[in-house]
Amino acid sequence: MDAELILDAKATLGEGALWDSRRQRLWWVDIEGHQVHLFDAISGVDEAIDVGQRVSTVVPRARGGVMVGLQHGLGWLDLEHRRVDVIVDPESHVPDNRFNDGKCDPAGRFWAGTISMTRTPVAASLWCMDTDRSVRRVLESVTNSNGIAWSLDQATMYYIDTATRRVDAFDYQVDTGQIGNRRPVVVVPDELGKPDGMTIDAEGMLWVALWGGGQVTRWDPQAGRLLETVHVPTPRTSSCALGGADLRDLYITTARTGATVEELQQQPQAGGIFVARVAVGGVPAIEFAG
């Protein structure tokens with residue numbers, strides 16, 4: 001299956017795709033462009049908000065606005081006044097780190113991890129902000145915290161540290177947000193690309209964007225088996241989200257960062273938002289409950 005360009009955004013580092021069922025719009029970010037975007041696929045209108053620093057993930061907040069992962073912490077973006085309030089910066093003592101991918105768990109907690117901008121191995125962490133806005137470190141010795149999702153029965157958390165080239169599963173307790181019993185469930189072969197962003201569909205299968213591979217792939221986490229591939233005409237595929245009225249539109253973010261002038265001439269749609277129509281729909285994203 002091939003994805004088609006739906007927004008020629010030319011983002012430097014498009015990321016953080018998330019479908020907002022309440023607004024019927026797609027949230028996404030341009031990390032290096034310092035922008036949070038809200039895209040209406042029907043009208044083609046894409047609104048951008050400059051937040052003044054690198055922004056890596058965006059999730060709706062039930063009380064209004066959106067939560068964001070930033071270069072300098074986790075914060076709340078007031079959409080009416082276009083102002084960011086940083087709530088906490090748990091890695092302020094590690095100036096080379098910034099936040100990366102994140103999502104909300106079934107209880108409405110905001111999970112987001114970090115990455116070293118100097119690519120220092122195992123220098124990052126995965127954090128969880130509870131609904132009372134308290135923050136705790138869940139995992140340390142992470143290199144590139146990326147995709148995260150929860151199983152349909154809420155008993156398992158799936159997580160990607162890109163450097164491991166795996167999707168790992170954890171036992172997950174929805175009441176407390178505690179995790180344990182880490183084990184690999186998907187191992188991505190080198191030739192396919194590096195696992196980046198991730199979402200889950202209504203059959204419990206995982207869609208994983210493969211950075212450098214120009215594709216988004218669907219996996220069975222029980223069998224570790226590759227089921228489907230959606231091809232994208234640019235290699236730096238970074239995140240994916242199932243959206244649209246029936247949640248069957250697979251939206252894909254891409255990037256231009258790291259590409260040479262010659263590569264960009266050959267890949268003029270790099271940094272765009274792509275979409276493919278898939279057979280199985282997704283599940284609604286959870287809003288932050290704090």
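Just so you know, these numbers use all the heavy atoms, side chains as well, and skip hydrogens, waters and symmetry mates. Computed from a predicted structure; not experimentally measured.
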* Asked: Just by modelled atom types, is the Ile179 backbone N or O under 3.5 Å from a matching donor or acceptor in the Gln173 side chain?
  -> no
* Asked: For Ala169 and Thr156, which heavy atoms make the closest approach, and how far apart are they?
  -> CB-CG2, 3.8 Å
* To do: Identify whether the distance between the nearest side-chain nitrogen and carboxylate oxygen of Arg256 and Asp30 falls below 4.0 Å.
  => no
* Would you call Asp40 and Arg23 a salt bridge, taking side-chain N to carboxylate O under 4.0 Å as the test? -> no
* Return yes if some donor-acceptor pair links the side-chain N/O of Asp78 with the main-chain N/O of Arg83 below 3.5 Å, else return no. => no
* Inspect the contact between Asp171 and Arg183 and indicate whether a charged nitrogen and a carboxylate oxygen are less than 4.0 angstrom apart. => yes
* Asked: Are Pro235 and Gln215 close enough that some pair of their side-chain heavy atoms sits under 4.5 Å apart?
  -> no
* Asked: Would you say Lys103's side chain and Met198's backbone share a donor-acceptor pair under 3.5 angstrom?
  -> yes
* Identify the two heavy atoms, one from Pro268 and one from Gln265, that lie closest to each other, and give their separation to 0.1 Å. => CD-O, 3.8 Å
* So if you build clusters from Ile, Leu, Val, Met, Phe, Trp, Tyr with side-chain heavy-atom gaps below 4.5 Å, do Met1 and Leu210 land together? -> no
* To do: Answer whether the closest heavy-atom distance between the side chains of Val59 and Leu18 falls below 4.5 Å.
  => yes
* **Closest heavy-atom pair and its distance - Ile160, Val167** => CG1-CG2, 3.8 Å
* Asked: Do Leu242 and Trp28 share a hydrophobic cluster (ILVMFWY, side-chain heavy atoms under 4.5 Å, transitive)?
  -> no
* Is there side-chain contact between Met129 and Ile87, with heavy atoms separated by less than 4.5 Å? -> yes
* Same cluster (ILVMFWY, side-chain, under 4.5 Å), Phe288 and Leu38 -> yes
* Write down the atom of Gly16, the atom of Val58, and the distance for their closest heavy-atom approach. => O-CG1, 4.1 Å
* How about Val275 and Leu5: do any of their side-chain heavy atoms sit closer than 4.5 Å? -> no
* Within a radius of less than 6.0 Å around CD of Glu263, do more than 12 heavy atoms belonging to other residues, nucleotides or ligands occur? -> yes
* Asked: Between Asp196 and Lys194, is there a salt bridge with N-O shorter than 4.0 Å?
  -> no
* Asked: Would you call Glu15 and Arg236 a salt bridge, using N to O less than 4.0 angstrom?
  -> no
* Looking at Asp168 and Arg182, does any basic side-chain N land under 4.0 Å from a carboxylate oxygen? -> yes
* Flag side-chain contact, heavy atom, 4.5 Å: Val29 against Val55 -> yes
* Asked: Near Arg63 CZ, under 6.0 Å, is it more than 12 heavy atoms from other residues, nucleotides or ligands?
  -> no
* Asked: Hey, which of His231, Gln269, Glu4 is the one that makes side chain to side chain contact (heavy atoms under 4.5 Å, CB included) with Phe274?
  -> Gln269
* To do: Tell me, with the steps shown, if Asp130 and Arg136 meet salt bridge (charged side-chain N to carboxylate O under 4.0 Å, His left out).
  => CA-CA 8 Å; Asp130 216 322; Arg136 60 187 171 89; 5.3 Å; no
* Do Phe110 and Ile286 come close enough that some side-chain heavy atom pair is under 4.5 Å? -> no
* **Polar side chain donor-acceptor pair, Asn146 to Asn100, under 3.5 angstrom** => yes
* Strictly under 6.0 Å, is that where the ring centroids of Trp150 and Trp111 end up? -> yes
* Asked: Any cation-pi pair here, Arg61 with Trp76, using under 6.0 Å and within 45°?
  -> yes
* In terms of ring plane angle, is the pair Phe39 and Tyr251 parallel, tilted or perpendicular, where the classes change at 30° and 60°? -> perpendicular
* Which pair of heavy atoms, one from Glu140 and one from Ser125, lies closest together, and at what distance? -> CA-OG, 3.9 Å
* Determine, for Glu287 against Arg22, whether the closest basic-nitrogen to carboxylate-oxygen distance falls under 4.0 angstrom. => yes
* Note, Met205 side chain near Leu227 side chain (heavy atom, < 4.5 Å) -> yes
* Asked: Are the side chains of Met117 and Gln71 in touch, meaning some heavy atoms are under 4.5 Å apart?
  -> yes
* Is Val84 linked to Trp127 within one hydrophobic cluster, defined over Ile, Leu, Val, Met, Phe, Trp and Tyr using a side-chain heavy-atom separation of less than 4.5 Å? -> yes
* Which heavy atom of Gln154 sits nearest a heavy atom of Tyr172, and at what distance? -> O-CD2, 3.0 Å
